[in-house]
Amino acid sequence: MGIEFLKNENIFHLSGGDVSYILKIYKNAFPMHLYWGKRLSDPAISWYLEAPYRRKKLLEGTEPDDPMFLHEFWPYEYPEYGMSDYRPAALEVVGQDGCCISELRYEGYEILEGSVELPGLPSVWAEKEDAQTLKLILKDQILQLQAELYYTVFEKTGAITRHTVLKNLGKDSLKIKKALSMSLDMKHAPYEMLQLSGTALREHWIERRKLGIGETYLESTRGISSHQENPFFALVEKETTEQNGDAYGVTLVYSGNFLAGVSCDMYRSARVQIGIHPGNFGWRLEAGEEFVTPQAVLSYSQKGLNGMSSKFHDLFLNHLYKGKFQHAPRPIVINTWEAAYFNFDHQTVLELAKKAAKAGIEMLVLDDGWFGHRDDDTTSLGDWFENSRKLPKELKGLAEDVNALGMQFGLWFEPEMVSPDSELYRNHPDWCIHINGRKRSQWRHQLYLDLSRKEVQDYIIDSLSNVLSSANISYVKWDCNRRISEPGSEGLPPERQDELLHRYVLGLYHVMDVLTKRFPDVLFENCASGGARMDAGMMYYFPQTWASDNSDAVCRLKIQYGTSLCYPPVMTTSHISASPNHQMLRQTPLDFRAAVSYPFNLGYELNLCKMSDEEIEKISEQTALYKKIRPLVQGGKFYRLLSPFEGNQTAWMTVSQDETEFLVWYYKDFADPEEAYINVRLTGLEEKAHYQAEEGNVYSGDMLMNLGLPIQWKNGDCFYQMWHFKRLDGIDF
Ligand code: GLA
């Protein structure tokens, strides 16, 4: 396991778990991709590169310096623009001569224990004993550009991370126009592509489509990773299901503009790529400087989509966020947004907190509207001081009163924004993203602060630090409710304006890095009008995300199902809200709403003061139950069983890490007349083990996984069933 170098063949074999990734340095010059998939016992597969089906004529020039050498027929690891390869390049660099040509040649390699840090960028990391890293060193002699390709392979899962470091070793400046995090050419591509797409209130819906010849790319050009397309995709066989078949997942540890997808050439060889979007991107690399791409994460499994997701979940739970809450129980919160919107004061918040405390809720989060003179969404973003009319005892007094009820106190911010009607804007009208002479388009009456600028980063750090030090604040909901337009910065010279969007993301990471280190006991939650910036980059700093502003339980089935393809359920907050639901106006029973939230990170988002005693009693039962199952749902392994994208039923399950217990949930959103009998086939169990349901029935693992768990039939909408099983040891049947 780890990284093996086959000297005779110039092959590197990266292996971990049941996965092999094999590349070869062809003619000691070009890193070529040979294989990524189920582990091979013999990685000496050089022959595969020159497989007989390739047209002999096209291979006439097989020496790299032969003018007949045609790059477009070879499977590359990091293709550059300018040679005879007409597929999309991973790298485009302009030299002093103004030409965009580079040709990287192999110079050497190193094998390192553990992972390497990416300066200024978040990353999936590994201790020395968990992973090995291969560093390939390549060089373009004319540009004097060195490219280092990093591959970290994880011992347990075979998950692989990749990124590239570009170094200017020459005396002249270079201009990077495109530098993706990774690229690889898979010879055969009979694949379908699966993606998470949507819009606000409809995040992460699964789209699955057949790949044809040509380009199939996902992207964001909005400045953040976006509602529309998440920086994740999977390549699957036609036959791949949740439980079986090849699934190749790719994601990016980055929160800005991205490009991700596949280009299939005339031989159906697929170029798979992900990285910073090259549109409106550029980077001037001065002599001696280096540029680091974000990190790509690759997860392969032959055990279907669940196998692929499990590996992502394992990485993101154990090797991404490092702080105090990594494995700590996440509190049950009540959030004031759907309970009161902008309409609250000290007393009404306290009344809500009292009810919540009685119902077993552990934290009150004061959402939008507590600062400046904000009574609606038209003012005050940037003025991070209390609205003294609403909060006469200040945040300190409110936090103390909430704490006195035995609850923690949390607060909403939207730190990257400024309202034109704010003290901040009046004092610093040049601090927003804009360029003189063009209009400053507003979105929700707000502008983006220019986080590429040091003084703006410092303002956010200082103003949030002041608030967080002023009261006992245990949690921050960090929101971001618009997308970037008219990208321009007064802090950058004309020749560097195309660096703005990446510099923005680097600035944001710096701010989050400082604040999360300065306030290690604060639980930070990520939000961007719901799930518009749900990506592994944000998750490195913030261990949980508000996945959608749509809190309707029926819609949440799809949103949460799709989200779980890449991101673990504990990182996805799911709040029980009012009925009729505020977004969909749909009525659903309270129990059903709770059942949809339990397998994720549970909270509430409704006005408890308007609920009956009977309903509050039910909520107390829900919080008591959740506290009992919390270690399992927040720490366990999650598997999808029935997809809401294929019908009116959804099922999923959570198995404890030690596999001694598990929970299963089944939901039917809308009733069907005269349904067929349904058994839900489980997964992730031991065939020979026996498991006892809470009501006493005992089933064998193979029965539960092959015959399945029979679903009780009940007419009506919003039906659910939930089971809690424990493993019985040493039972002789
Ligand atoms: C965004 C968030 C909501 C809420 C509002 C407040 O829309 O996604 O949860 O915080 O902002 O304005």
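From a predicted model like this one, the values you see are computed outputs, not experimental measurements. In what follows, every heavy atom counts, from backbone to side chain, and hydrogens, waters and symmetry copies are set aside. Order of listing sets the numbers, starting from 1, for every ligand and every atom in it.
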Residue pair E219 / Q228, side-chain donor-acceptor N/O under 3.5 Å: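 E219 vs Q228: no donor-acceptor pair found between side chains.
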
Can you list every pair where an N/O of ligand 1 is under 3.5 Å from an N/O on the protein?
residue	atom	partner	partner atom	Å
ligand 1	7 (O)	D549	OD2	2.8
ligand 1	8 (O)	G530	N	3.2
ligand 1	8 (O)	D549	OD1	2.6
ligand 1	8 (O)	D549	OD2	2.9
ligand 1	9 (O)	K477	NZ	2.7
ligand 1	9 (O)	W546	NE1	3.4
ligand 1	9 (O)	D549	OD1	3.2
ligand 1	10 (O)	D367	OD1	2.6
ligand 1	10 (O)	D367	OD2	3.2
ligand 1	10 (O)	W412	NE1	3.0
ligand 1	10 (O)	K477	NZ	3.0
ligand 1	10 (O)	D479	OD2	3.3
ligand 1	11 (O)	D479	OD2	2.9
ligand 1	11 (O)	N481	ND2	3.1
ligand 1	12 (O)	D368	OD2	2.6
ligand 1	12 (O)	R444	NH1	3.0
ligand 1	12 (O)	R444	NH2	2.9

Donor-acceptor under 3.5 Å (T654 side chain, G636 main chain): no

Parallel, tilted or perpendicular: rings of Y626 and Y598 (30°, 60°):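 Aromatic pair Y598/Y626 classed parallel.
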
Parallel, tilted or perpendicular: rings of H575 and W546 (30°, 60°): tilted

Partner of R374 by salt bridge (charged side-chain N to carboxylate O under 4.0 Å, His left out), out of D421, D383, D368: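 Running salt bridge (charged side-chain N to carboxylate O under 4.0 Å, His left out) over D421, D383, D368 with R374 returns exactly one hit, D368.
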
Candidate list E525, R330, K477, test side chain to side chain donor-acceptor pair (under 3.5 Å), partner T573, passing option: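 Exactly one option meets the side chain to side chain donor-acceptor pair (under 3.5 Å) with T573, and it is E525.
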
